[in-house]
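For ligands, and for the atoms within them, numbers begin at 1 and follow the listed sequence. Only a predicted model underlies this, so the values are computations on that prediction, with no experimental measurement involved. What's counted below: heavy atoms across the whole structure, side chains too, no hydrogens, waters or symmetry copies.
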Amino acid sequence: MNDLEDLLQRNSNWAKSRKNEDSEFFAAAAKQQNPEYCWIGCSDSRVSPSQILDLPPGNIFVHRNIANQVNVNDINCLSVLEYAIYFLEVKHIIVCGHTGCGGIESAFNKPSSKFINPWIDNILKIRIDHKSDLDALSCKAERSNRLSELNVVNQIANLGNLSLVKDAWIKKLDLSLHGWIYNLSTGILRDLTGAVSSLSDLIFIRSLCTN
Ligand SMILES: [Zn+2]
């Protein structure tokens with residue numbers, strides 16, 4: 001049996017197990033999705049949201065990219081957000097970074113690459129904006145993990161600055177933004193920003209982005 005056959009067998013076992021636990025599981029899932037949460041996370045294979053939140057399918061609408069970025073020019077991310085906010089009517093958007101992030105480390109050791117370099121330009125800018133804070137940390141891992149946290153806060157500011165989100169608040173939709181960090185060594189999530197639910201909350205977040 002090759003590796004991919006193993007994956008198909010794992011899927012078959014999983015589907016049987018879900019059906020044994022709840023005979024209506026797939027019939028209910030096929031009807032509709034009704035997630036309350038939208039997740040913007042890193043593509044890292046160790047930070048799978050349904051797994052670390054222990055949620056079954058149907059509970060979280062997901063967009064992932066290298067270093068969990070919200071970029072005003074990224075139509076992929078913007079279309080996910082538009083669908084999440086205005087069609088699924090999610091109540092919470094979580095931007096989640098993580099310790100030991102390769103995308104964040106790229107901002108310290110710029111790799112020679114065609115696409116990764118331009119993608120991490122925004123993180124490089126955050127690194128430069130917070131140079132004195134980061135330089136004060138003694139070890140490389142601490143600097144990288146601190147930049148992961150600063151990146152999450154900056155991405156929450158980017159998210160709040162989008163007209164998609166501002167319009168939702170103007171229309172009084174129940175929508176909060178949350179910046180979290182996941183510790184790969186402990187499996188624990190930590191809240192970095194609290195709930196950002198209005199333009200006035202956003203002003204506070206913006207103040208954290210400048211040094
Ligand atoms: Zn990462």
Backbone of [Y] reached by a side-chain donor or acceptor of [X] within 3.5 Å:
{"X": "Q69", "Y": "W119", "result": "yes"}
{"X": "D201", "Y": "S197", "result": "yes"}
{"X": "T193", "Y": "G179", "result": "yes"}

Checklist entry - Is any protein N, O or S atom closer than 2.8 Å to the Zn ion (ligand 1), and if so, which? => result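 Those protein N, O or S atoms (cut-off: under 2.8 Å from the Zn ion (ligand 1)) are C42 SG, H98 NE2, C101 SG.
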Checklist entry - Should the heavy atoms of other residues, nucleotides or ligands under 6.0 Å from CD of Q51 be counted, would the total exceed 12? => result no
Next on the checklist: For the CD1 atom on I116, are there more than 12 heavy atoms of other groups (residues, nucleotides or ligands in this structure) within a distance under 6.0 Å?
Outcome noted: no
Item to check | Counterpart residues, side-chain contact (heavy atoms from CB on, under 4.5 Å), relative to I75 (two or more places apart) | outcome: none
